[in-house]
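First up is the structure itself, then whatever we jot down about it.
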Number of protein chains: 2
Amino acid sequence: MPSPSIYTVAQRAGVSIATVSRVLRDSGPVAATTRERVLAAAAELSWSPNRLAAGLAARVHGAAGIVFPDLAGPYFSQVVLGFEEQAVADDRSALILATHGRLNADEMVLDLAARVDGLVVMDRTVTDEVVRCLEGRGSPVVLLARPAVGATPAVRAESLDAATRITAHLIALGHTRLAFLGDPEAAPDVDDRWRGFLLAHLEAGLPAPGKPVRSGFVQDEGYAAGTALLDDAARPTAVVCANDEAALGVYAAARDLGLRIPDDVAVTGWDDIPAARAVTPPLATVRQPMRELGRQAGALLSARIAGVPADSLTLPTEIVLRASCGPPANSRTPTNRIPTPTRRLEP
Amino acid sequence: MPSPSIYTVAQRAGVSIATVSRVLRDSGPVAATTRERVLAAAAELSWSPNRLAAGLAARVHGAAGIVFPDLAGPYFSQVVLGFEEQAVADDRSALILATHGRLNADEMVLDLAARVDGLVVMDRTVTDEVVRCLEGRGSPVVLLARPAVGATPAVRAESLDAATRITAHLIALGHTRLAFLGDPEAAPDVDDRWRGFLLAHLEAGLPAPGKPVRSGFVQDEGYAAGTALLDDAARPTAVVCANDEAALGVYAAARDLGLRIPDDVAVTGWDDIPAARAVTPPLATVRQPMRELGRQAGALLSARIAGVPADSLTLPTEIVLRASCGPPANSRTPTNRIPTPTRRLEP
DNA sequence: TTGTATGCGTTATCAC
DNA sequence: GTGATAACGCATACAA
């Protein structure tokens, strides 16, 4: 038995399909009694309009998509969730696409674009060229955690300054041998954090630090990179990690090497995931509004879909000092002064 | 300038729309030279077929949806990711919907159903009645982490037996005052874990434990519940948590109360999230194949969409013993014997 | 191998 | 208020 159509409902209600459409979409005047009849008929047939047909006629998908590299860890999850919330708020469905660094990511994204009214694109999932192509085809795009491209706006969380500040804090605590753990080429945000790390050294008059210790975003990678970094007599006394999960990997590495945090090595992360407060010692980190990032990106996208030009947006981050960056045992600077405006001390 | 349609392309290639459709969908024979012309025209216009129209004509959405309560924590993230992977593998788009316990969840799901070929429904996001309604309207459904409903199959991870075994392990270690932290009414899986917890007491001849200490899935809730539970002279010596994140909250609670794990209180979790290995001591837990759950649910859904009847599926779980459940200081049973077949000792 | 014509289920613009 | 009817963009029998 085929599913009922607007014709079935119209016939049952004794009206034309135009009227059915009117009551359902509340467009145009309809007599109260007529409305009742239509509603009743629709209910009896448990009919709901075919979104495909409705979309085709109205030239609207009623859907928005988000493209991200992966869904590993709280960061991406929260961003996607924020996006979903905004989409629902705008009465749109949310489509997701994880590229995983697949080679055919470009065509996957192009394909996705054909089924949504607009797209949020995270990180380096696709090239700038693809972004332009998308816009060229009439698909509004909002970039997330990645620089703007032409007129395509970007939503980001401040990274460079926060990285400079948290590094400066470590330096102020007396650290002179610091390492950066993360891959600046993996994501624009990480690159900013790395540059802030460098900048802090410059400003403090310290010699330039070594190259970053490459690591992905997941804990296992942080563990591997952390082990390689710390299993060395010339190990650093402080490690600035590109994200919390990698930092937790460093925690495990330090433990397995018999090193104490922060006495033997200070550690900082990024994101302020819940686990950062559960570990011992609590992890110092930089909080970024993950959910809000997704929400704002979705909101900007909605604006663009509506034809309203949207400007790029940078959300503030917040340094969260916790015991993991506490003064090392042989601290020469007992002060706890933090050279930054926005700060926070927990717990 | 309106986006090009199949007519534009056909005209430019000097063929009919039927031919364009043929080369694009590779249906029916087309001369090589003709094919080239069409492809060229399509490329020049950077045209891609309108999915709405294609879907309408083919009576197919080319999309699958998944409904979940929230995206907090690795569990839901991984499940959704597994679902997405399977959807992509089946050449379908993935739609997501988080209900957040919203009151109008039912209609949101019904609405989502109108734009996909099938739906995976997690937990208690909607009632059994809605599931039947969905099926009645011709939308194949696969349940996830929730019992089957009529002919609608379910994909689950084994919970009851694993809960019995890990509880039995604690009891074998000498614990007699155990608490269950989690809300059996929050999710069917948690209810199974609670029942396994009870069963282990029965089998060991221990008096029935107290009521579960209600807690949600996130760390903060685990912290609050854990604090209430442990800040008491008559506190339990072991806490079986419904999931890892809540367990991490208990870690923080114990730390803040000056209690040591496992000496003062043993703790176990569920899921085996990465952070479980990063905390000190490492968290004993029950590993469930989160990603695979999503993938299998997606696969079953594909089968159902294809008209193939699908049976319910229960994936195995694995007990992962770590230091957090190590023998208490005053252990009366020095044995480490584990009364279960599948087990694992880490690190 | 290719073209014609119809249907897919709505929306929306007209008349009435 | 209500009803025909033309798009909407594509898939696909059916012809040629």
Protein-nucleotide distance ([X], atom [atom1]; [N], atom [atom2]), rounded to Å:
X	N	atom1	atom2	result
Trp47(B)	dG9(D)	CH2	C1'	9 Å
Leu56(A)	dA12(C)	CG	P	12 Å
His61(B)	dT10(C)	NE2	P	11 Å
Arg51(A)	dT10(C)	CZ	C1'	11 Å
Arg37(B)	dT2(C)	CZ	C1'	11 Å
Arg25(B)	dC10(D)	CZ	P	12 Å
Arg115(B)	dT10(C)	CZ	P	14 Å
Ile6(B)	dA7(D)	CD1	P	18 Å

Base, sugar-phosphate, or nothing: which does [X] touch, judged by heavy atoms less than 4.0 Å apart?
X	result
Pro49(B)	sugar-phosphate
Val15(B)	sugar-phosphate
Ala18(B)	base
Ala54(A)	sugar-phosphate
Leu52(A)	nothing

Taking for each residue the nucleotide of DNA chain C with the nearest heavy atom, is it Arg22(A) or Ala57(B) whose nucleotide lies nearer the 5' end?
-> Ala57(B)
Return yes when atom CG of Asn104(B) has more than 12 non-hydrogen atoms of other residues, nucleotides or ligands closer than 6.0 Å, and no otherwise.
-> yes
Count the heavy atoms of every other residue, nucleotide or ligand shown that sit under 6.0 Å from CD of Glu85(A), and state whether that count exceeds 12.
-> yes
Heavy atoms, side chains only, cut-off 4.5 Å: are Val131(B) and Thr127(B) in contact?
-> no
Do Leu119(A) and Val109(A) have side-chain heavy atoms sitting under 4.5 Å apart?
-> yes
side-chain N/O [X] vs [N] OP1/OP2, d < 4.0 Å:
X	N	value
Thr34(A)	dT2(D)	yes
Ser21(B)	dA11(D)	yes
Arg59(A)	dA12(C)	no
Ser5(A)	dG9(C)	no
Thr19(B)	dG3(C)	yes

Among Asp123(A), Asp192(A), Asp191(A), the one residue meeting salt bridge (Lys or Arg N to Asp or Glu O under 4.0 Å) with Arg156(A) | Asp192(A)
Arg35(A) or Tyr7(A): which one's nearest nucleotide on DNA chain D is closer to the 5' end?
-> Arg35(A)
Choose from dG1(D), dG3(D), dC10(D) the nucleotide whose nearest atom is closest to any side-chain atom of Ser16(A).
-> dG3(D)
Side-chain donor or acceptor of Glu135(A) paired with backbone N/O of Thr152(A) under 3.5 Å = no
